[in-house]
Amino acid sequence: MQRISDKLKAAGKSIGLVPTMGYLHKGHLSLIKKSKSKCNITVVSIFVNPTQFAPNEDLSKYPRDIKRDKKILTAAGVDYLFYPEADEIYPSGFQTHVEVENITKILEGEFRPSHFRGVTTIVAILFNAVMPHYAFFGQKDAQQAAVIKRMMQDLKITLKLIVCPIVREKDGLALSSRNVYLSEKERKDALVLNKSLRHAEQLVKEGERVVKKIISEMKKIIFSVDTSNLDYIGIVNAESFEPVKTISSKSSYYILIACKIGTTRLIDNILLKI
Ligand code: AMP
């Protein structure tokens, strides 16, 4: 991959990287589209990164279908697929990790303590493998994007990171490879994530500024279905990712939610611009 990138760069081509874990959907395709609009060459990586899954999580059953993914990538006009084996990325003797400190301790980090260390490590490796000019990530994983931004600032990684909006199903459910785990009833129940976010947005529009009140209203919607099991709802400043107690008119905020529906853990968020 490095040799290919070197050649492309020597020929004056700009390279965009879209890192994924595969089982591609329209959310991934929106990142690919953005990359193709900005860069001469688009590289998609597919790697179900073992170090970002805790032992009790869904690494072994994470959906995979490389044949289908390859077809999708060809149809989308992607130039290169980078599809490494786990032991190529983490050969025996591997002992280096990238760890971003404070911002990884809250929200996802509280419920998945080793997750972001795995994410930043693999993203740093992918950046070094592909050496892109641009990398494209989804707002769907807003905290992940913020953690990667922090890593890039701190490690002086100068490629440009572009965060693309969340792609949703018609009824509002955020697209996710994990949605295939949902039963028919759970698929309906899963709408409470988006509904609670929309309700919060409406409350803020109507003038509510107290985070506790907004969250307690959101919880009513979440707990209106019997399959939900909430991990967290958080409201953070969109720039610093610091949790806030009140909303002020000068800033932008993320409202973030992680909730199990049955046994499937889903995340969603909205960006509030006041
Ligand atoms: P994943 O394969 O789930 O690790 O996701 C790969 C990239 O696609 C990440 O940057 C995600 O944030 C992004 N992504 C996943 N779902 C969506 C979505 N519904 N809309 C936009 N981007 C998404």
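Computed over heavy atoms, backbone and side chain alike; hydrogens, waters and symmetry mates excluded. Each ligand, and each atom within it, is numbered from 1 in the order the structure gives.
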Undergrad: Which residue pairs pass the side chain to side chain donor-acceptor pair (under 3.5 Å) test when at least one of the two sits in residues 153-167, sequence neighbours left out?
TA: R150-Q153, R150-D154
Undergrad: Would you mind running through ligand 1 and noting each atom that sits below 4.0 Å from a heavy atom of I166?
TA: 20 (N), 21 (C)
Undergrad: Checking side-chain polar atoms at under 3.5 Å, does Y83 have a donor or acceptor matched by the opposite partner on D69?
TA: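 Per modelled atom types, Y83 and D69 side chains form no pair under 3.5 Å.
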Undergrad: Which of these, K34, H25, H28, Q139, has its nearest heavy atom closest to atom 5 (O) of ligand 1?
TA: H28
Undergrad: Output, in order, the C-alpha distance, side-chain angles, deciding distance and verdict of ring pair (Phe, Tyr, Trp, His ring centres under 6.0 Å) for Y254 and F241.
TA: CA-CA 8 Å; Y254 279 114; F241 240 80; 5.8 Å; yes
Undergrad: Which of the atoms of ligand 1 are close to G138, meaning less than 4.0 Å from one of its heavy atoms?
TA: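 Those qualifying, in numeric order: 9 (C), 10 (O), 11 (C), 12 (O), 13 (C), 22 (N).
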Undergrad: To the nearest 0.1 Å, how far is atom 4 (O) of ligand 1 from its closest protein heavy atom, and which atom is that?
TA: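 Among all protein heavy atoms, the one nearest atom 4 (O) of ligand 1 is M21 CG, 3.5 Å.
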Undergrad: Report the part of S176 (side chain from C-beta onward, or backbone N, CA, C, O) that has a heavy atom under 4.0 Å from ligand 1; answer both or neither where that applies.
TA: neither
Undergrad: Write out the residue and atom name of the closest protein heavy atom to atom 11 (C) of ligand 1, then the distance separating them to 0.1 Å.
TA: D141 OD1, 3.1 Å
Undergrad: Is it true that the side chains of S14 and N40 contain a donor and an acceptor less than 3.5 Å apart?
TA: yes
Undergrad: If you count the atoms of ligand 1 from 1 in the order shown, which ones are under 4.0 Å from a heavy atom of T20?
TA: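 Near T20, the atoms of ligand 1 are 2 (O), 6 (C).
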Undergrad: Look at E217 together with K220 and state whether they make a salt bridge at an N to O cut-off of under 4.0 Å.
TA: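 Result for this pair is yes, salt bridge flagged.
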Undergrad: Below 4.0 angstrom from a heavy atom of P19, which ligand 1 atoms are there? Numbered from 1 as shown, please.
TA: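 Reading through ligand 1 atom by atom, the close ones are 6 (C), 7 (C).
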Undergrad: Which of these, L29, L31, V163, has its nearest heavy atom closest to atom 8 (O) of ligand 1?
TA: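 It is L31 that holds the nearest heavy atom.
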Undergrad: How far is atom 14 (N) of ligand 1 from the closest protein heavy atom, and which atom is that?
TA: K140 CB, 4.2 Å
Undergrad: Classify the ring geometry between F53 and Y62 as parallel (under 30°), tilted (30 to 60°) or perpendicular (over 60°).
TA: perpendicular
Undergrad: Report, in ascending order of atom number, the atoms of ligand 1 lying under 4.0 Å from any heavy atom of P165.
TA: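 Close to P165: 20 (N), 21 (C).
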Undergrad: With the threshold set at under 4.0 angstrom, would you say A145 reaches ligand 1 through any of its heavy atoms?
TA: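 A145 does not count as a contact of ligand 1 under the 4.0 Å cut-off.
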Undergrad: Would you say Y23 and N179 are linked by a side-chain donor-acceptor pair, where the criterion is simply a distance under 3.5 Å?
TA: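 No - no donor-acceptor pair under 3.5 Å links their side chains.
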Undergrad: When you compare the side chain of H25 with that of S177, does any pair of heavy atoms fall below 4.5 Å?
TA: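 Yes, close enough: below the 4.5 Å cut-off.
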Undergrad: Starting from atom 20 (N) of ligand 1, locate the nearest protein heavy atom and write down its residue, its atom name and how far away it is, to 0.1 Å.
TA: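 Going atom by atom, the protein heavy atom closest to atom 20 (N) of ligand 1 ends up being V167 N, 2.8 Å.
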Undergrad: My understanding is that we take every heavy atom of each candidate and find the minimum distance to atom 3 (O) of ligand 1. Doing that for Y62, Y23, F137, which one comes out nearest?
TA: Y62
Undergrad: Hey, is the main chain of Q139 close enough, under 3.5 Å, to the side chain of N269 for a donor-acceptor pair?
TA: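 Indeed, once roles are kept as given, a pair shorter than 3.5 Å links the two residues.
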Undergrad: Please list, in number order, the atoms of ligand 1 under 4.0 Å from a heavy atom of L175.
TA: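 Numbered from 1, ligand 1 contributes 16 (N), 17 (C), 18 (C), 19 (N).
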Undergrad: Would you call R265 and D58 a salt bridge, taking side-chain N to carboxylate O under 4.0 Å as the test?
TA: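 Not counted as a salt bridge, because no side-chain N and carboxylate O are separated by less than 4.0 Å.
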